[in-house]
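Worth knowing before you read on, the calculation uses all heavy atoms, side chains too, and leaves out hydrogens, waters and symmetry mates. Read the numbers this way: they start at 1 and go in the same order the structure lists the ligands and their atoms.
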Amino acid sequence: MTELGDNTHPIQVPAWRRIVVKLSGEALMGTRSHGLDQDTLARFAADLTNTAARGVEVAVVVGGGNFFRGIEGADKGIERARADSIGMLATVMNALALEYAIEKQGQAARALSALPMPALCEAYSRQAALHHLEKGRIVVLAGGTGNPFFTTDTGAALRGAELSCDLIMKATQVDGVYSADPKRDPTATRYDQLTHAEAIAKNLAVMDTAAFALARENRIPILVFSIKQPGAILAALEGRGKATLVLP
Ligand code: UDP
């Protein structure tokens with residue numbers, strides 16, 4: 001048991017052994033309107049490196065929304081499965097950039113893609129991911145689930161389950177799960193803690209329902225936290241600051 005610096009935080013036992021962090025494409029673009037922001041990448045890479053240095057095995061699932069989202073492509077007339085293929089390719093670009101940013105911190109990292117692209121990175125397999133995690137490498141998971149009609153949130157829940165992660169860390173722009181979108185509704189209230197079933201029933205849009213359902217079925221807690229401040233991942237993991245813990 002670790003002493004908490006701030007007793008508003010729901011985590012009481014930050015003894016996580018292996019985690020999967022979901023970073024959206026939006027987070028990787030920093031204050032830009034699209035693409036990648038190098039300072040932001042360096043900040044996340046340092047945060048992930050510091051987290052791994054605590055002895056936690058770290059997998060990261062990256063989104064692709066800073067380049068392309070399938071649903072938006074479909075709205076513009078591209079067939080959905082093809083648009084999602086483009087979206088998955090966007091996540092590979094982000095994974096390659098993050099892998100490099102982590103290596104620049106002096107921390108070993110491996111990008112693994114659910115869509116095999118041997119010229120660019122290793123293909124994802126559970127065995128390869130577990131091997132790298134056990135060696136202390138940060139594993140950057142590209143391509144989501146490898147299937148259209150899914151999101152990288154569901155990819156994070158899937159990888160969290162198959163890699164036996166103790167925790168899914170969902171990085172967002174706000175400090176937890178709210179009853180409504182706090183950017184639009186000033187009366188929105190924040191939850192310190194709730195269950196997966198409540199999140200699904202209340203239709204709280206922080207992760208898609210498939211991701212919540214998969215996490216619930218496999219009894220994996222989800223920590224929803226804000227990625228805005230430097231060091232946010234380690235702070236959330238260590239119980240500093242505000243966050244929402246979603247428990248089975
Ligand atoms: N995608 C997909 N299958 C997956 C994960 C992602 O087809 O398992 C596609 C989908 O088009 C999605 C895009 O990749 O819009 C980028 O992922 P996501 O929207 O989850 O990224 P984020 O919003 O987190 O940046």
Worksheet item: Would you say D84's side chain and G87's backbone share a donor-acceptor pair under 3.5 angstrom?
Response: no

Practice prompt. Report the nearest protein non-hydrogen atom to atom 5 (C) of ligand 1: residue, atom name, distance rounded to 0.1 Å.
Written response: T151 C, 3.4 Å

Worksheet entry | Contact check, A90 vs ligand 1, heavy-atom distance below 4.0 Å | no

Worksheet item: Counting heavy atoms not belonging to I200, are there more than 12 under 6.0 Å from its CD1?
Response: yes

Worksheet item: Which part of E72 is near ligand 1, with near meaning a heavy atom under 4.0 Å away: side chain, backbone, both or neither?
Response: neither

Fill in: Donor on one side chain, acceptor on other, H196 and R216, under 3.5 Å
no

Item to complete: Report the C-alpha distance between T244 and L223 in whole Å, list the side-chain angles of each, state the deciding distance to 0.1 Å, and finish with yes or no for side-chain contact (heavy atoms from CB on, under 4.5 Å).
Response: CA-CA 6 Å; T244 298; L223 184 65; over 6 Å; no

Worksheet item: Out of D84, T145, N147, whose heavy atom sits nearest atom 3 (N) of ligand 1?
Response: N147

Fill in: Nearest-contact summary for atom 20 (O) of ligand 1 - protein heavy atom, Å
T152 OG1, 2.5 Å

Item to complete: Look at atom 6 (C) of ligand 1 and say which protein heavy atom is nearest, naming residue and atom and giving the distance to 0.1 Å.
Response: F150 O, 3.6 Å

Fill in: Side chain to side chain, V58 and V139, heavy atoms closer than 4.5 Å
no

Fill in: Between T31 and D37, a side-chain donor and acceptor under 3.5 Å
no

Response to the item:
min-distance protein heavy atom vs atom 16 (C) of ligand 1 -> G64 N, 3.7 Å

Item to complete: Only heavy atoms count here, so choose which of A114, A211, G87 is nearest to atom 13 (C) of ligand 1.
Response: G87

Practice prompt. Give the numbers and elements of all ligand 1 atoms closer than 4.0 Å to a heavy atom of G65.
Written response: 21 (O), 22 (P), 25 (O)

Worksheet item: Under 3.5 Å between some N or O of ligand 1 and some N or O of G25?
Response: yes

Discussion item. Under 4.0 Å from a heavy atom of G63: which atoms of ligand 1 are those, numbered in the order shown and with their elements?
Written reply: 21 (O), 22 (P), 24 (O), 25 (O)

Worksheet entry | Proximal atoms of ligand 1 relative to S24 (non-hydrogen, under 4.0 Å) | 24 (O), 25 (O)

Worksheet item: Taking C-beta and beyond as the side chain, do E26 and N66 meet within less than 4.5 Å on heavy atoms?
Response: no

Worksheet item: After noting the C-alpha distance and the side-chain angles of T152 and K22, does the key distance pass the side-chain hydrogen bond (donor to acceptor under 3.5 Å, both in side chains) rule?
Response: CA-CA 8 Å; T152 51; K22 163 65 205 295; 3.0 Å; yes

Item to complete: Spell out, as yes or no, whether a donor-acceptor pair under 3.5 Å connects the side chain of D181 to the backbone of K183.
Response: yes

Worksheet item: What is the nearest protein non-hydrogen atom to atom 23 (O) of ligand 1, stated with its residue, atom name and distance?
Response: R69 NE, 3.1 Å

Item to complete: Quick one: look up the protein heavy atom nearest atom 15 (O) of ligand 1 and list residue, atom name and how far away it is.
Response: G70 N, 3.0 Å

Response to the item:
If you scan protein heavy atoms around atom 24 (O) of ligand 1, the nearest is K22 NZ, 2.7 Å

Worksheet item: Would you call L247 and Q193 a side-chain contact if the rule is heavy atoms closer than 4.5 Å?
Response: yes

Discussion item. Show the atoms of ligand 1 that are less than 4.0 angstrom away from any heavy atom in P148.
Written reply: 7 (O)

